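Positions are given from 1, in the same order as the sequence printed here. Numbering of ligands and ligand atoms starts at 1, following listing order. The structure presented is a predicted model; accordingly, all values stated were derived computationally and were not measured.
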Amino acid sequence: MRILSGIQPSGALHLGNYLGMMRPAIELQEQGDAYYFIADLHALTTVQDAAAMRANSRDVALDFLACGLDPKRAVFYRQSDVPEVTELAWLLSVITPMSLLEKCHSYKDKTAKGIAASHGLFAYPVLMAADILIVDANVVPVGRDQKQHVEVTRDLAIKFNLKFGEVFVVPETRIRDEVAVVPGTDGQKMSKSYGNTLEIFLDEETLKKKVMGIVSDSQPLEAPKQGLEENAAWRILKLVAPPSEFAEMDARLRAGGTGWGDLKKKVFGCLWEMFAPARKRRAEFAADLGGVERLLAEGAVKARTVARRTLDRARNAAGLNPLAEGRRPLTP
Ligand code: ADP
Ligand code: TRP
């Protein structure tokens, strides 16, 4: 099994990113060849400030390593360090129907939120297809919001294979139902663009404040609580508490005499504890940024080795000269 996933360096990692994508990806690294990368070229559609890009890329590298990405098992790299990806994106572009991209909701959602309607934003799913196809991935762990992009990837792989011969592996999405849509502090999908996130590496006071700000209704403290399935704090607790502790809090809420404040304190306690080991590891990696850079550089070399082979197959199938070492002289 070959697994690939990526995350954009476009802001601090939140619980939705962690549960929806990062944790499943990290668990999968035990089960196959994993390729995990920092999608900086994708982030460039929205992060257009060099200092912010550098800082965000470094932060997301630290987040991924802190959360348990094991560079001995997984190939870990920056997307922009593997330029073969952008070349493959062009080869895919020429067989991508406009109508396929016009259907993608991510473009519509982002432009509706005021992000400039650039060509890059529109072509974003094609670049994502190149990320996936270039390493011959067959499994792509992501949250539900990325499902459509993996379907585009499948369509493009099948289309290219039909037109030019069997070049690409057709991948599958891997979505965990229980964490497909992690709720934010307002009960909608947690997302940085909704301002409802709980960032997992926040300092204690700020995280506590955010958790205590989770919206709830006005049932009084004494009341046996109703409609718990609609309550954002209850839904989040279910995802972060050990099952026995969740069951106990659930029973207390249903019995009455336990208020939303108690529930939120429990959410905070569980979150803080859940990420304690990762916080420690993150600080260790942060103290060795040179080492992190070296890991990413080694990852890029490994990813490029695979990428060049796939790109070569695609070039050859399309009637372009191969790229492989020794077969492409620099002078005519
Ligand atoms: P955001 O919505 O905050 O901008 P991204 O779109 O950058 O997050 O998502 C990065 C990864 O995290 C993707 O794989 C996405 O599916 C996953 N993800 C983001 N938010 C959630 C969520 N609320 N629930 C589950 N997965 C999520
Ligand atoms: N589009 C993804 C996101 O916003 C990030 C991403 C880029 C990705 N390329 C990918 C995820 C390839 C999985 C596979 O979260």
Looking only at the side chains, is there a donor atom on one of Ser57 and Asp40 sitting less than 3.5 Å from an acceptor on the other?
no
For ligand 2, is any non-hydrogen atom under 4.0 Å from [X]'s backbone (N, CA, C, O), its side chain (CB onward), both, or neither?
{"X": "Phe37", "result": "side chain"}
{"X": "Val140", "result": "side chain"}
{"X": "Ile132", "result": "side chain"}
{"X": "Met21", "result": "neither"}

Are any side-chain N or O atoms of [X] and backbone N or O atoms of [Y], one a donor and one an acceptor, separated by less than 3.5 Å?
{"X": "Lys225", "Y": "Ala223", "answer": "yes"}
{"X": "Arg279", "Y": "Trp272", "answer": "yes"}
{"X": "Lys210", "Y": "Thr197", "answer": "yes"}
{"X": "Arg78", "Y": "Ile38", "answer": "no"}
{"X": "Arg2", "Y": "Gly32", "answer": "no"}
{"X": "Lys280", "Y": "Phe275", "answer": "no"}
{"X": "Thr111", "Y": "Ala117", "answer": "no"}
{"X": "Gln219", "Y": "Gln226", "answer": "yes"}

Any N or O of [X] closer than 3.5 Å to N or O of ligand 2:
{"X": "Gln79", "answer": "no"}
{"X": "Ser5", "answer": "no"}
{"X": "His149", "answer": "no"}

For atom 3 (C) of ligand 2, closest protein heavy-atom neighbour:
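For atom 3 (C) of ligand 2, the nearest protein heavy atom comes out as Gln146 NE2, 3.3 Å.
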For ligand 1, the residues whose heavy atoms come within less than 4.0 Å (ordered by chain, then number):
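Residues His14, Gly16, Asn17, Gly20, Met21, Val142, Gly143, Asp145, Gln146, Val179, Ala180, Val181, Val182, Lys189, Met190, Ser191, Lys192 each place a heavy atom under 4.0 Å from ligand 1, listed by chain and number.
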Using the six-membered ring wherever Trp is involved, compare the ring planes of Tyr77 and Phe37 and label them parallel, tilted or perpendicular (cut-offs 30° and 60°).
parallel
